[in-house]
Structure formats: structure tokens, C-alpha cells
Amino acid sequence: MTAPPPSTPTPQPAQEVARKTVKAAIIGVGRMGLTHLSILGGHPFLKVTAAADGKSLITTAISKYRTDIKLYDDYKKMLQEQDLDAVLIATPPHLHAPMIDAALDRNLSIFVEKPFTLDADIARRLAQRAATQKGAFHQVGYVARFGDSYLKVKSLVDQGILGRLISFQMEFQGCTVLKKENGEGWRGDRKTGGGCLHEFGSHGVDMLLNLFGKPSRVVGSSLPSIYSLHVEDMVTSTFLYDNNLVGTIYVNWSDPSYRKPMMRVNILGENGRIQADLYGIKIYMNKDNPHYKKGWNTLTLPELTEPVPFYVRGNEFTRQLYAFAEGVRNPSAINRSSFADGADTQEVLDMIFADAGMEK
Amino acid sequence: MIQLDPLILGDNQFFGINHMSQEKGQQLAERFSDLNNIYRAYHTAQDLGIRAFMLNSNEKAAEICDYLRAHKSQFPGMVLYPSIPYPHKYANQVAEKGIAATIQNVLSGQSAMGLLGMAGQGLGLLTGDLTKLMTLLVDVEMKMFKGLDFKTIYLQNVITDLLLGLEFKEIFIEYARHLERNYKVTPGFLTLNIPKLSAFLQECGIQNATICGSVNKSGYTMSPDAASYETYFKGPQPYPIMAMSIFASGAIPPREAVAYVQNLGIKSIVFGASSRIHMLETMDLIQMSNRA
């Protein structure tokens, strides 16, 4: 660090805000809670000072090795006792709503894992309630919005390089569930947030909403099971928009040919096509334009990637939490995945369940 | 201090891992789904004078190790750099079943006697001791490499970087101690955060270690950024470094890629190549070709 030059003026209030250290707690230290705790290790101004969860291998390890983090088994008690600026909620999704309400009662900034809730009405109510709170920042963990390749697709679509949009296809595959299930645990039950649509497909649905907005109708939805006893392992659906845009989504988390989850989106517009996946973007232009030549243009991942301050499991995971930390410190910062966005996505998830004739 | 080989043949290309393109990855996966094609590549590398190989403990590695043991006489001087564990094996199970069930599942694949023998000190899982559990999982992963020569064992970056962020010092210390004591090797760490990890290992008081991480001109998978790495390599380096991803998946021309790494003073490179011509190209570039 270099010392500021002697002529530096007295800090203005805005700069005071920029220097503030913020304190956060994590509710639920399972797979995602642990990842978030790791990513925030060494964060320049956000410190995790408390966590709430039942006794587990992980909480035992935290109590042993991280004496700077105060552990609670009751999140309500934690919110009562701790002086916090923010809370990160990473519990199974059916537990989110009361925790969000409790955090809103204290005017805390909130990061909640996706899916936001399991019910669009509750999601909308929480989003409306959060919107009335000033001085706090509210984010849903739709992490795919922060991916290197995706951020570029979003900016290309927003710039309108494709002209009028005609159609899209989204595919999202992985090998998460490959064996017959006994249906136990929260992941095996739709009521607790299990199933391919809530857990896996919600990322794809959310990304489509972020790119194209909410469809006016969804049709032809099906939610077949392959291995799971009580939940779907696949999602197929067609989205129809008022402006005649039409697109399909195909999600399958039981495909062993995928080493890791792979999302692909293919967008056709009157000026050309964009094909994107984790590895990069291909752009086909019907005519030369100031940025891209006629025909195919390739943007590889190394070209698209901006390194993050600390890498744990993908740039997007770090980027999303650093964006949240920025929001906690400065609530007027850009919010790429707000509660209102989370509620919109929840509505479309509900539309797909209803269209497929399924109970949520 | 460990003397790393100057050129190590990596294994990503054999398992359909390509950071540049899904199609390219899939082509390679198809070609090398027949393990004979992997063995052929090993023989080619051996003929060319490459003696060092990095191998991740994935589903196919056990069979590959069987082959290498059975044909040991054909690979004189061969030394492995195992990396453990195969992260996706765990990641998928953890996503599906949660952390505790995954650990139980991995351990239940081992016989009770075998487990007790390996643990020697009681089961970490039962005592809720993550440190003991970690050493136990190392032993499970390392079983497949038994009887082969290896110089170090690298902890996969997914695990290293997770634990690094969690600042669980004791686990790093115990992992290092376990490798030195029970495997007689210098503990290795794969990471995408070389400067941060190096500083942390120092804080842990770990003197003997080696780090493998991405080093390339375009700053690809180098956190926080290339400039921090360049500063790091200008200073005193407590740990021998092996550079990976030097070509940034093909984004950097080979000559420039090698020059960048060598200018930083790095003397060990792990690279991916599946054909004789590509192996030779890289060898030529780092001036160790056996050709007359």
C-alpha cells in the first residue's frame, strides 16, 4: 500500500462509507455455507463473525479452528445477540422465508441461496418488504449471473447486437443424480426444495429471465423422473413471449456423459446468432458490424475471463459474494440478482410446475 | 528441498478436460476412453525421455496404475506426481447427498480392518475430527498408487483453496505432517491462488512443501491477478513451484508461453499433450529434447 499524497482532501461522507468494515453471519453451514465462508476468507472489508447451524463435522471444525467465529445452534438467538450488518442464508430452501423475515426485522442486508423460496407469493411478499427498507442490500444466490461467459452474453443481448430476438434454446445437463434414490433427506422432497427444477434447473430459468424477461406463458412442460422417487430429474418447457420470441429449456441432472454441469444457450436474432457455454461464446453475424465481422466470431474463455481476488470454486462464486459485500457497504450499488429478480424466477418456476400438472 | 522434474506430462487431456472447448474435450474423452490409447501416450513420452507424470486419482487412475505396475520394467526411472482427490467424484455426491453422507459412502467402500489399519488413530468421522478424517481420506485415495514411485502428492486445488479460505491451519499442518511421516514425500498443494497460499503456508510454519498452480501470460486462472504473481516471483520463494496452464488452454503461442514462465524463474512445468509431435514441440521449447 502506498501512502496517500499529502494533498489528499479530508474524506467526504461517501468515502467514509467506502472504508467501513462490515460484519456478517452465516445461517446454515453445509456445502454452500462452507463455500461462502471460504470465499470470504481474507475479504478486504467483510468479516464473518458468527454462524448458526446444528452440530456437525463442519461446525465442530469451525469451533475448533476458527475461534473468531461465534457459533450458535439457534439463528434467532444469533440475530438477537450479534451486532451485524449482513446475513447469508444457506439452509435448505423451505427454511428461507422465516429467516429472511427475521433478518428484515433487523434491517440487515441479506444474501439468500437460490431458489429464493418455494412459493411465488411468499417470494413476492419478501421482495416487496425488502424494497421498503433503505440502507440494506438484498441478493439471491443465482450465481450463474456472475459467470465470465454469461456476463458477456448478457451485455451483447442488452446492447441489441442480435436485433429483434426470434428464438432461443437453453440446455443444462449434469450428472448429479445417477442412482435410484430412497427419497430421504431434504433433497428428495419437492416440499423442502428438492428436485431437478428447484435445485438445478432454477439456474437455467433464472438466466433466461435475466436475458429475456418473464415469459407471458409456458407450455409443453414436463417433469419426468429417471432415478428419483418423489422428484423430477428432468425439466422440459417452452417459453412464449408477447413480442413473439419463443424458446425452449431442457434440463437433465441425470446424464452421466457430463463430467460436470454444463449450461448452453443458443440465441437467434434477426442480425445473427449467439452460442455460449462455459467455454466461451460464438457469435454469427449476418453483416459486418463495428465489433464483429460477418460470419463466425469466437471468444474463448481465457479471453473472457477476469481473475477474481480469491478463487475457490469458479470466478462466479467469488464475484457474486464480492458484489454482495459491496452492496452491504453501499446499498445503492448495482444489484445483479435482487429479491425482485428472485421472485420473478420463482413465479416462472411455479408456472412450469402448474403447466406440468404437478403439485409444488 | 524437493527437486521437481523440469517437464511433467499432465493428464487432463486423457480425461476430456479441456478449458478451451467442450468439443475438443469430448473428442479427447472419446479417444482416451480406450485406456490403451493412454498407455500408448505414456510409452511415447517415455521414449522421448519424459520421466515424470502427473496423475489424478479419478475413476480410471486405478486401472492405469495397475498397468504401470505390471509394466514397470518398460518405464525405468518413471516418477509419478499423484494429485488427490478426484474432485468431481466428491462434488457430485456432496451435491446429491450432503457432506457427511459422502464421507460415509467413500469410507464404507473400504473394509473395516483396512480402515482401522489406515487410520491407526481411530476414525475421524466418529470423533468429529476433520483433521484425522482428512488423513484418512488421503490414505483411501493413495491406495491405488501403492508400489509406484512418486515424488510428492498434490492436494487438488478444489480442496486446497476451500481450506485456504476457511483458514483451517491445523488441517494444513496435519496433512503436511502425514505426507512427510507416512509417505516420505514433500507435501504438495495445487492452487489457483499461489501468492495467498504461499503466505498462508508460511503462517502455518510449513517449511517443506511444493506448490503447483497456473502461471501464464494472460493471467488466466491466476488469482488475484498476473501482476501479483509477477511480484511474487521477483521476491524470495519459500517453495518450489510447478507451473500449470502455461498455454492458458491454447490462448498463448507456445514460445511466448514458455518464455514467460522461464523469465519468472520457474524451473518445472506440467503440460498436456497427447501426441508425439506435441510432446516434442514442448520439449524443444524448454530445451530438453533428446533428439540429436
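Residue numbers start from 1 in every chain, and the chains themselves are labelled A, B, ... in the order their sequence lines are given, proteins ahead of strands. Side-chain atoms are counted along with the backbone in the values below, which use heavy atoms only and exclude waters and symmetry mates.
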Next item on the list: Decide if the gap between the ring center of A:Phe310 and the ring center of A:His43 is smaller than 6.0 angstrom.
Entry: no
Item checked: Selection from A:Met32, A:Lys55, A:Arg313, A:Arg66 maximising heavy-atom pairs under 4.5 Å formed with chain B -> A:Arg66
Next item on the list: Determine whether B:Arg255 and B:Pro253 make a side-chain contact, defined as any pair of heavy atoms from C-beta on separated by less than 4.5 Å.
Entry: no
Next item on the list: Could you look at A:Ile39 and say if it's the side chain, the backbone, both or neither that has a heavy atom under 4.5 Å from chain B?
Entry: neither
Item checked: Top of B:Asn157, B:Leu163, B:Val158, B:Leu164 for chain A proximity - count of heavy-atom pairs under 4.5 angstrom -> B:Leu164
Notebook entry, point to check: Which atoms of B:Thr131 come close to chain A, meaning under 4.5 Å heavy atom to heavy atom: side chain ones, backbone ones, both, or neither?
Noted result: both
Check: Does any donor atom in the side chain of B:His178 or B:Asp139 lie under 3.5 Å from an acceptor atom in the other side chain?
Finding: yes
Item checked: Option in A:Gly41, A:Ser38, A:Pro307, A:Pro309 with maximal non-hydrogen atom pairs under 4.5 Å from chain B -> A:Ser38
Notebook entry, point to check: Strictly under 6.0 Å, is that where the ring centroids of A:Phe172 and A:Tyr250 end up?
Noted result: no
Next item on the list: Name the region of B:Ile171, side chain, backbone, both or neither, that has any atom closer than 4.5 Å to a heavy atom of chain A.
Entry: side chain
Next item on the list: Could you look at B:Lys169 and say if it's the side chain, the backbone, both or neither that has a heavy atom under 4.5 Å from chain A?
Entry: neither
Note to self: Could you check whether A:Arg319 pairs with A:Asp148 (Lys NZ or Arg NE/NH1/NH2 to Asp/Glu carboxylate O, under 4.0 Å)?
What the structure shows: yes
Next item on the list: Tell me, out of A:Val312, A:Thr305, A:Val308, A:Leu40, who's got the most heavy-atom pairs with chain B below 4.5 Å.
Entry: A:Val308
Check: Would B:Tyr239 and B:Phe189 count as a close aromatic pair, with their ring centres under 6.0 Å?
Finding: no
